There are 2 protein chains.
Amino acid sequence: MQFDCGSFFKAVSDGTRIKIMKLLYGKEMCVSEICTHFKMKQPSISHHLSILKQAKIVTDRKDGKEVYYSLNKCCVSSCCQDFAGMFKNGDKKE
Amino acid sequence: MQFDCGSFFKAVSDGTRIKIMKLLYGKEMCVSEICTHFKMKQPSISHHLSILKQAKIVTDRKDGKEVYYSLNKCCVSSCCQDFAGMFKNGDKKE
DNA sequence: ATATCATATAGATTATTGTCTATATAATAT
DNA sequence: ATATTATATAGACAATAATCTATATGATAT
């Protein structure tokens, strides 16, 4: 399995992180730009980003002083698909 | 939206609850039978079941002294689908 | 070299969640 | 009515996770 569904579901069980994912759905963003959408402090955002990164939900790239994060969309769909597959309903007609 | 993805992802972010879901995938089970698969005490299992029930991941029915739980498979697939849909990758060819 | 800005890390504190013991409820049996 | 069994609930305690402040790192600019 390419992605760890365990860390995936822990990562997406938090509202702040879901909101970050929504922000990154449209475009990549640097940390300070992400911060402007929240009341919490920058280190907290960095912490959430590191959890998302560990779960491979986001990737990062450095550009000068900034670090840009972007959403790894295929991780989201893969994990959801794998998980749903484990609990597939066999009663429905295919 | 029929199911609350918020409570869904909180519910599935715990290993014990995933294991309960796997047990219930095959067949419905009463609480004491579920308990035999874990080292933790019955009230803890009941607590996990109540979280799964609140998220509509399981349903329960009473039969005499026992309460039987079963997996609501369509909740799992719906929530996964809804969530994946929010972060759908538009770059891939359809 | 020093200053500044963006981000990450460390460690403390707080909030949330999981597990336990004790007990309540509800069904059945004697 | 009392006892027994299955499960749920309440409340205490423990473990985990989120947030904060302070500081370190690393890039750029002066």
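Chain naming here is simple, since letters A, B, ... match the order of the sequence lines and numbering starts at 1 in each. Keep in mind the model is a prediction, meaning the values are calculated, not measured. Note: hydrogens, waters and symmetry copies are ignored here, and every other heavy atom, side chains too, is used.
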Could you go over nucleotides 28-30 of chain D and give all protein N or O partners under 3.5 Å, atom names and distances?
none

Could you go through nucleotides 18-21 of chain C and list every protein N or O atom that sits under 3.5 Å from one of its N or O atoms, giving the distance for each pair?
residue : atom : partner : partner atom : Å
C/dG18  : OP1  : B/R17   : NH1          : 3.1
C/dG18  : OP1  : B/R17   : NH2          : 3.0
C/dT19  : OP2  : B/H48   : NE2          : 2.3
C/dC20  : OP2  : B/K41   : N            : 2.9
C/dC20  : OP2  : B/S44   : OG           : 3.1
C/dT21  : OP2  : B/K41   : NZ           : 3.3

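The shortest heavy-atom contact between B/V76 and A/A84 is CG1-CA, 4.4 Å. B/K19 approaches B/H37 most closely through the heavy-atom pair NZ-O, 2.9 Å.
Regarding contacts with the backbone of D/dA6, every side-chain N or O of B/Y69 stays at 4.0 angstrom or more from both OP1 and OP2. In this model, the phosphate group of C/dA8 is not approached by any side-chain N or O of A/S50 to a distance below 4.0 Å at OP1 or OP2.
Side chains of A/Q54 and A/S50: no donor on one and acceptor on the other come within 3.5 Å.
Distance from the side chain of A/K62 is smallest to D/dG26 among D/dA8, C/dA6, D/dG26.
Under the 4.5 Å side-chain heavy-atom criterion for grouping Ile, Leu, Val, Met, Phe, Trp and Tyr, B/I51 is not connected to B/I20 through any hydrophobic cluster. A/Y68 and A/L52 are not part of a single hydrophobic cluster, where members link through side-chain heavy atoms under 4.5 Å apart. A chain of hydrophobic side-chain contacts below 4.5 Å, direct or via other Ile, Leu, Val, Met, Phe, Trp or Tyr residues, connects A/F38 to A/L71.
Between A/K27 and A/E33 a salt bridge is recorded (basic side-chain N to carboxylate O distance below 4.0 Å).
Put simply, the side chain of B/M86 does not reach to within 4.5 Å of the side chain of A/M21, judged on heavy atoms.
Look at CD on A/E66: it is 13 Å from C1' on D/dG26, rounded to the nearest Å. Distance, A/Q54 CD to D/dA18 P: 12 Å, rounded to whole Å. At whole-Å resolution of the value, OH in B/Y68 and P in D/dA8 are 13 Å apart. Residue A/L49 contributes atom CG, which lies 13 Å from atom C1' of C/dA6 at whole-angstrom precision.
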